[in-house]
Amino acid sequence: MSAPKIQAIRGVKDILPGEMPSWQVLESTARTLFDTFGYAEIKIPIFEATELFARGLGATTDVVEKEMYTFPDLDGKSLTLRPEGTAGAIRAYIEHHLWTESPLTKLYYVGPMFRHERPQAGRFRQFHQVGAEAIGSASPLLDVEQLVLLDRFFRALGVAPVTLLLNSLGCLLCRPAYRDALKDFLMTRASGLCEACQRRIETNPLRVLDCKREECRALTRDAPAITSYLGPECVGHFDAVRAGLDDVGLAYTLEPRLVRGLDYYTKTAFEFTAEGLGAQNTIAAGGRYDGLVEGLGGPPTPGVGFALGIERVIALFTKGNPASPSADVFIATLGDHAKRRVIGLVTALRDAGIRAETDYDQGSLKSQMRRADKLGVRHTVILGDDEIAKGTAVVRDMATKAQTDVALSELVPHLRRLSP
RNA sequence: GCGGGUGUAGCUCAAGGGUAGAGCACUGGACUGUGGCUCCAGGGGUUGGGGGUUCGAAACCCCUCACUCGCCCCA
């Protein structure tokens, strides 16, 4: 009988009105705080040329290899729904020569990202991030500033406790030496590693350290640490970041195994994790990407950024914001004459800035009163044909049940006085 | 891509081969034009879909779809 049901595609959620208070609190907190820290909002496209992500994130990353929503445009050009925000932000930075306006550009963005992963708790195919990028300075103070910004953001929302994991991935100069050393080490243990890790020895040895399997973790426990292969510049940067964190009193945990999944990271890499989210416990992550701007065709420009997962953060803070009353005044009508007057009346009230509601289908007075009660209005206007004949309406105070007759011509100013 | 779990009313869940139920929500009545509390009544289901076993299936078997949790990976 009924037409086939169409439902939202897998891993994609509707965010219903009942959930919006949490989202609005999060987003307005972010906007206020990011603005305070000197970051300006940018809106960037939800889809881009596929090549941007392939070049920006690294062609062999999991995200690029198997998680992107990629499709041909009508002219055959390959497009991709953005799996993250940094690449697009950098593309915009380059395209609009933002470095000419100021040596340092600090941006933030809010919006949906898309990855074709198997959904589970805290992981969706369309999810939302707030991201920030500071482009144009290699100063470790910016790394520190972003960590402080995240810390303050989580505090403002009452999300606690969170743990900050910190590592340095070195730069393009010191990483090859470490890579070789790690590779040599892994070769000696290869037979004990899981299949995926054996493959990673060649493709991306750093990622072996990040493997969650106990066997792999045990075998790599005494693997060489990246931090002992850092060149003087990277060591200096890492030390400065840590000193800065100490100066502002922000606690962190060194995690030599922390490896990000995207190839553009250099030097500082970090993650904020929280308890109680199931397997997906990372709520924000980021790091420095000193080679990315140049890699995407811009001038050599250092940068640092992060993204935080809105859905995951929202899952952590009490969404007990009671729904506010959705109207100030309800107009109940009885009879055809009254019904004909109601659209004019609600319009006059709304023009006066009063949130007015009515029963469009004119049920029984009882059902209209019930709805007025449910809406939480302070006053209900009862407009029946009897009142119309007298040129008045009844105004009922829902709390005291007191009712007064008010001339129709006086109704709007009367209610305006009652509900400021 | 690979595993486990779950699909019954709008929602949360019962019924474990023998007439599909409750609570909440919704609608109406008690109170001919007056909300919350109480009581009464009512509407609403091809038990996710398809096939099989059986006199008889929501239940047992197979397939499929969806959701969900986990692996991989990530925010």
Side-chain angles (χ1 to χ4, degrees), chain A residues 1-2 4-13 18 57 61-68 82-86 110-131 150 194-197 199-200 204 207 210-213 216 258-262 270-274 277-286 305-316 330 332-335 338 359 361-387 393-403:
Chain A
M1 238 4 190
S2 54
K5 281 181 199 119
I6 299 174
Q7 49 185 4
I9 59 177
R10 172 184 297 229
V12 172
K13 300 275 181 237
L57 314 194
T61 57
D62 275 14
V63 168
V64 171
E65 272 186 340
K66 49 182 203 190
E67 296 177 0
M68 296 205 302
R82 63 183 188 191
E84 58 97 61
T86 300
V110 183
M113 306 295 164
F114 306 85
R115 291 182 198 172
H116 192 113
E117 301 180 274
R118 188 73 181 265
Q120 67 186 73
R123 197 174 66 191
F124 314 98
R125 289 186 174 178
Q126 174 176 332
F127 59 100
H128 297 75
Q129 292 184 332
V130 181
L150 279 166
C194 72
E195 208 177 305
C197 282
R199 233 179 306 119
R200 290 182 185 125
N204 197 339
R207 211 86 70 71
D210 205 32
C211 187
K212 306 293 189 297
R213 287 173 187 276
C216 297
L258 178 63
V259 174
R260 313 280 18 270
L262 307 176
F270 57 83
E271 272 186 26
F272 277 86
T273 62
L277 286 175
Q280 267 59 47
N281 63 352
T282 302
I283 54 176
F306 66 81
L308 65 93
I310 295 181
E311 284 87 349
R312 291 184 186 177
V313 173
I314 280 180
L316 288 171
F330 187 86
T333 62
L334 286 159
D359 178 17
D361 298 309
Q362 201 186 42
S364 67
L365 182 59
K366 187 191 191 68
S367 71
Q368 296 190 62
M369 293 301 295
R370 202 152 36 211
R371 231 189 112 217
D373 186 51
K374 223 163 259 179
L375 285 169
V377 297
R378 291 232 284 271
H379 303 279
T380 297
V381 174
I382 300 168
L383 188 64
D385 287 353
D386 296 353
E387 284 78 14
V394 175
V395 174
R396 178 180 176 89
D397 183 311
M398 295 299 275
T400 66
K401 299 184 175 186
Q403 300 195 166

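In what follows, chains carry the letters A, B, and so on, assigned in the order in which the sequence lines appear, proteins first and then strands, with residues in each chain numbered from 1.
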(request) Please state the C1' separation for the pair B/G16 and B/C60 - nearest whole angstrom. (result) 10 Å
(request) Find the partner of B/A57: check Watson-Crick (N1-N3 plus N6-O4 or O6-N4) and G-U wobble (N1-O2, O6-N3) distances, both under 3.5 Å, and reply none if neither fits. (result) none
(message) Only pairs with both distances under 3.5 Å count, Watson-Crick or wobble alike; so what is the partner of B/G36 in this structure?
(response) none
(message) Any strand counts, and the cut-off is 3.5 Å on both contacts for Watson-Crick or G-U wobble. Which nucleotide pairs with B/G3?
(response) B/C69
(request) State, yes or no, whether a side-chain contact exists between A/Met398 and A/Thr380 at a heavy-atom distance under 4.5 Å. (result) yes
(request) Find the distance A/Leu375:CG to B/U34:P and express it as a whole number of Å. (result) 20 Å
(message) Please give the distance between the P atoms of B/C61 and B/G29 as a whole number of Å.
(response) 49 Å
(message) Which is more 5' along RNA chain B, the nucleotide nearest A/Glu387 or the one nearest A/Lys66? Just name the residue.
(response) A/Glu387
(request) Sticking with atom P, work out how far B/C67 lies from B/U12, rounded to a whole angstrom. (result) 16 Å
(message) Mind checking if A/Gly335 touches a base, just sugar-phosphate, or nothing, with heavy atoms under 4.0 Å?
(response) nothing
(request) Send over the distance from A/Glu117 CD to B/C2 P, rounded to a whole Å. (result) 16 Å
(request) Considering only atom C1', compute the distance from B/U27 to B/C65 and round it to an integer number of Å. (result) 34 Å
(message) When the C1' atoms of B/U19 and B/G51 are compared, how many Å lie between them, rounded to an integer?
(response) 26 Å
(message) Given the structure, check if the side chain of A/Arg118 and the base of B/C69 hold any donor-acceptor pair shorter than 3.5 Å.
(response) no
(message) Counting the atoms with a prime plus P, OP1 and OP2 as sugar-phosphate, which does A/Ala285 contact under 4.0 Å by heavy atoms, base, sugar-phosphate, or nothing?
(response) sugar-phosphate
(message) Regarding B/G35, can its base be found pairing with the side chain of A/Arg396 as donor and acceptor, where the two atoms are less than 3.5 Å apart?
(response) yes
(request) Tell me the partner of B/C31, counting only Watson-Crick (N1-N3 plus N6-O4 or O6-N4) or G-U wobble (N1-O2 and O6-N3) with both under 3.5 Å; none if nothing fits. (result) none
(request) Write down the partner of B/C11 under the Watson-Crick or G-U wobble criteria, each distance required to be under 3.5 Å. (result) B/G23
(message) Mind checking if A/Arg115 touches a base, just sugar-phosphate, or nothing, with heavy atoms under 4.0 Å?
(response) base
(request) Could you work out the separation of B/C62 and B/C55 based on their C1' atoms and round it to a whole Å? (result) 23 Å
(message) Any donor-acceptor pair, under 3.5 Å, between the side chain of A/Gln368 and the base of B/U34, if you only look at N and O atoms?
(response) no
(message) What's A/Thr61 touching, base or sugar-phosphate or nothing? Going by heavy atoms closer than 4.0 Å.
(response) nothing
(request) Please work out if A/Arg312 contacts a base, only the sugar-phosphate, or nothing of the nucleic acid, heavy-atom cut-off 4.0 Å. (result) base
(message) When you measure only distances, ignoring hydrogens and angles, does the side chain of A/Glu67 come within 3.5 Å of the base of B/G1 through a donor and an acceptor?
(response) no
(message) Mind checking if A/Leu334 touches a base, just sugar-phosphate, or nothing, with heavy atoms under 4.0 Å?
(response) base
(message) In whole Å, I'd like the distance from the CZ atom of A/Arg370 to the C1' atom of B/A25.
(response) 12 Å
(message) Applying a 4.0 Å non-hydrogen cut-off, can you work out what A/Ser364 is touching in the nucleic acid: base, sugar-phosphate, or nothing?
(response) sugar-phosphate
